[in-house]
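These notes concern the structure reproduced below.
Heavy atoms only: backbone and side chains are in, while hydrogens, waters and symmetry mates are out.
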Amino acid sequence: MYIEQIYTGCLAQGAYYIESNGEVAIIDPLREVKPYIIKANDHKATIKYVFETHFHADFVSGHLTLSKETGAPIVYGPNANPSFEATIAKDGQVFKLGDITITAIHTPGHTMESTTYLLKDKDGNNHAIFTGDTLFLGDVGRPDLAQKAADMTQEDLAGILYQSLREKIMPLEDHIIVYPAHGAGSACGKNMMKETVDTLGNQKKINYALRADMTKEEFVKEVTDGLLPPPLYFPLNVKMNKEGYEDIDTVVAKGTRRLSPDAFEVAANETGAIVLDVRHQKEFIKGHIPRSIFIGIDGGFAPWVGALIADVQQPILIIAPEGREEETVTRLSRVGFDNTLGILDGSFSAWEAAGKETDSLASIPASELATILSQNNAPIFDVRKDGEYEGNHIANAVHTPLSFLNDYLSQFPTEGTFYIHCAGGYRSVIAASILKSRGIHNLVDIAGGFKDIKETEILLAEGIGQDT
């Protein structure tokens with residue numbers, strides 16, 4: 001028996017390759033499926049099943065393509081009703097894989113079709129559970145993402161999740177390995193651990209949602225408390241996972257078409273495409289195409305695209321670092337953004353060489369901001385998350401979290417210089433690019449973000465130079 005967790009940091013997502021005696025099952029595959037097929041071929045094994053724990057909201061699964069390429073059936077749990085052919089497992093149904101078995105355990109609550117897969121070894125002993133978004137490490141799946149009936153609330157779903165955990169998961173042995181679909185950084189939960197594998201016994205000890213003496217009412221309150229609105233692209237990804245999508249090879253071929261600066265400019269003007277610059281923020285600061293949006297490929301790229309662009313049908317033109325064009329299009333497709341129209345051939349340097357109009361972003365170090373603030377009360381805007389801001393921030397800074405920046409546009413002054421920062425300098429440049437695209441140019445980015453700010457004498461809400 002061989003189990004491999006294939007973890008994608010950008011999405012904080014775990015897919016699983018399970019092999020036994022020449023037969024393979026893939027659980028929650030990524031959109032690009034060639035690595036699974038290559039691995040199986042290298043092992044002289046056959047992919048027999050494609051298991052889906054639920055209809056994912058935060059990424060587009062590779063289930064359809066993988067099934068098409070291998071002939072393996074797609075398996076969902078009870079209550080799933082996809083638009084394509086699939087095996088809808090009964091609660092407790094057993095699937096034989098080589099010398100081992102995988103049992104579908106219906107665990108609704110995150111969504112009504114959510115299913116956990118229990119792996120038993122060749123001797124019939126319980127070995128591992130693949131919990132999808134039902135059980136994370138340190139957390140459980142949020143109960144407000146399901147496509148549910150109008151008369152079913154998130155509290156109703158949380159109550160169902162409570163029963164699933166107590167009746168289906170917690171009675172299992174402590175030694176069982178827990179393989180979740182997501183880890184820290186995913187928007188599918190609130191407070192996941194950075195670890196991606198644990199034992200069920202340890203989770204029973206440390207996971208707040210698995211407290212033995214927890215009442216249903218306490219569970220519902222704790223699970224639903226503090227839930228932020230889900231990213232706008234989530235329901236669109238659910239729709240694609242449930243109804244189908246274009247083949248990724250077609251998407252990549254279209255999205256990586258090389259366009260000259262002239263052709264790139266014509267395409268932007270004629271299609272209304274967003275010009276998405278995925279280079280490093282330092283390169284964007286030095287020079288970029290006017291009104292382009294920065295979301296760097298080396299940060300939390302795909303989730304930020306999903307949260308901020310939101311509409312997966314939005315046409316997109318790409319400025320990428322040389323050699324990373326296909327990677328960019330592929331990572332966009334993972335979250336459903338398939339309408340990429342091409343990339344700027346030669347990247348931004350080709351645009352400059354063609355004599356096209358360029359723009360830049362004013363950026364200063366935190367030490368210079370400290371000098372400015374010692375002389376006057378310049379307006380400061382903090383685009384970090386709620387928890388980061390609440391932990392500590394510049395005294396009198398206005399909190400305008402990046403995830404909901406569009407809701408705060410009226411708060412930014414149209415006259416006089418204001419300053420914008422995040423934790424390290426990535427998100428503030430994203431925010432600055434969005435503001436500039438909307439005609440707000442009187443801003444200055446703080447390079448190094450709060451990490452550098454707290455090393456200066458700038459007055460913080462919790463004292464001078466003190467982080468909490």
Side-chain angles (χ1 to χ4, degrees), residues 9-13 54-59 109-111 114 132-148 152-159 161-162 180-194 207-209 218-238 295 299-312 335-336 381-393 397-411 420-424 426-428 430-431 434 449-450 461:
C10 180
L11 296 172
Q13 188 267 342
H54 65 295
F55 293 121
H56 306 283
D58 61 310
F59 74 100
H110 172 66
T111 65
S114 286
D133 289 17
T134 294
L135 174 63
F136 297 130
L137 303 188
D139 201 359
V140 291
R142 55 192 295 171
D144 63 330
L145 301 182
Q147 289 189 331
K148 51 189 180 293
M152 184 176 285
T153 66
Q154 66 178 25
E155 287 75 20
D156 293 330
L157 280 164
L161 180 58
Y162 174 85
H182 292 291
S186 169
C188 293
K190 293 188 297 184
N191 192 32
M192 289 174 255
M193 296 163 56
K194 65 179 186 299
N207 190 323
Y208 77 95
E218 289 172 334
F219 178 91
V220 170
K221 183 178 186 303
E222 292 191 39
V223 167
T224 58
D225 183 51
L227 282 177
L228 294 174
L232 295 176
Y233 78 102
F234 271 25
L236 303 177
N237 275 199
V238 171
I295 305 178
F301 175 62
W304 280 122
V305 170
L308 296 171
I309 297 179
D311 181 5
V312 296
V335 288
F381 293 84
D382 185 333
V383 301
R384 295 177 299 158
K385 295 179 181 178
D386 289 350
E388 294 172 289
Y389 180 84
E390 290 164 3
N392 205 0
H393 55 269
V398 179
H399 187 214
T400 54
L402 177 59
S403 295
F404 308 102
L405 190 70
N406 289 330
D407 297 336
Y408 295 95
L409 292 179
S410 62
Q411 296 194 30
I420 187 168
H421 79 85
C422 61
Y426 175 79
R427 287 173 288 174
S428 61
I430 297 176
I434 293 172
F450 197 73

inquiry  = Walk me through whether Arg142 and Lys190 qualify under side chain to side chain contact (heavy atoms under 4.5 Å, CB included).
reply    = CA-CA 8 Å; Arg142 55 192 295 171; Lys190 293 188 297 184; 5.8 Å; no
task = Start with the C-alpha distance between Asn191 and Tyr208, add both sets of side-chain angles, then the distance that settles side chain to side chain contact (heavy atoms under 4.5 Å, CB included), and finish with yes or no.
result = CA-CA 10 Å; Asn191 192 32; Tyr208 77 95; 6.0 Å; no
task = Begin with the C-alpha distance, continue with both residues' side-chain angles, and end with the deciding distance and a verdict on side chain to side chain contact (heavy atoms under 4.5 Å, CB included) for Leu157 and Leu161.
result = CA-CA 6 Å; Leu157 280 164; Leu161 180 58; over 6 Å; no
message = Could you go through Leu227 and Gln154, starting from their C-alpha distance and side-chain angles, then the distance that decides it, and tell me whether this counts as side chain to side chain contact (heavy atoms under 4.5 Å, CB included)?
response = CA-CA 11 Å; Leu227 282 177; Gln154 66 178 25; 4.1 Å; yes
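Here Ile430 contributes atom CD1 and Ser403 contributes atom OG; the two are 9.5 Å apart, rounded to the nearest 0.5 Å. Here CG of Leu409 is found 8.5 Å from CD1 of Ile434. Values are rounded to the nearest 0.5 Å. Rounding to the nearest 0.5 Å places CG of Asp144 at 9.0 Å from OG1 of Thr224. Taking CG from Leu11 and CZ from Phe59, the interatomic distance works out to 7.5 Å, rounded to the nearest 0.5 Å. One finds the CG atom of Asp311 at 10.0 Å from the CG atom of Leu232 (value rounded to the nearest 0.5 Å). Atom NZ of Lys221 sits about 11.5 Å away from atom CD of Glu155, to the nearest 0.5 Å.
For Thr134, the side-chain hydrogen bond (donor to acceptor under 3.5 Å, both in side chains) criterion is met by Thr107, not counting sequence neighbours. For the side-chain hydrogen bond (donor to acceptor under 3.5 Å, both in side chains) test, no residue two or more places apart in sequence or in another chain qualifies with Asp386.
When side chains are defined from C-beta on, Phe381 does not count as touching Ser428, because their heavy atoms never get closer than 4.5 Å. Counting heavy atoms from C-beta outward, Thr111 and Asp133 have side chains that stay 4.5 Å or more apart. Looking at heavy atoms from C-beta onward, Gln13 lies out of side-chain contact with His56 at the 4.5 angstrom threshold.
What you find for Ala184 and Ala12 is that their closest heavy atoms are O-CB, 3.5 Å. Nearest heavy atoms, Cys422 versus Tyr426: SG-N, 3.5 Å. Closest heavy-atom contact between Lys385 and Glu388: N-OE1, 2.8 Å. Counting all heavy atoms, side chain and backbone alike, Pro180 lies closest to Leu135 at CB-O, 3.6 Å. Taking each heavy atom of Tyr389 and Ala397 in turn, the nearest pair found is OH-O, 2.8 Å. Here the closest heavy-atom approach between residue Gly299 and residue Cys10 is recorded as O-SG, 4.4 Å.
Relative orientation of the Phe450 and His421 rings is parallel, given thresholds of 30° and 60° on the angle between their planes. Relative orientation of the Phe136 and His182 rings is perpendicular, given thresholds of 30° and 60° on the angle between their planes.
With hydrogens and angles disregarded, no donor-acceptor distance shorter than 3.5 Å links the side chain of Asp225 to the backbone of Glu222. Checked by atom type and distance alone, the side chain of Asn207 pairs as donor or acceptor with a backbone atom of Asp139 at under 3.5 Å.
Ring pair His54/His110: centre-to-centre distance below 6.0 Å.
There is no side-chain donor-acceptor pair under 3.5 Å between Asp58 and Tyr233.
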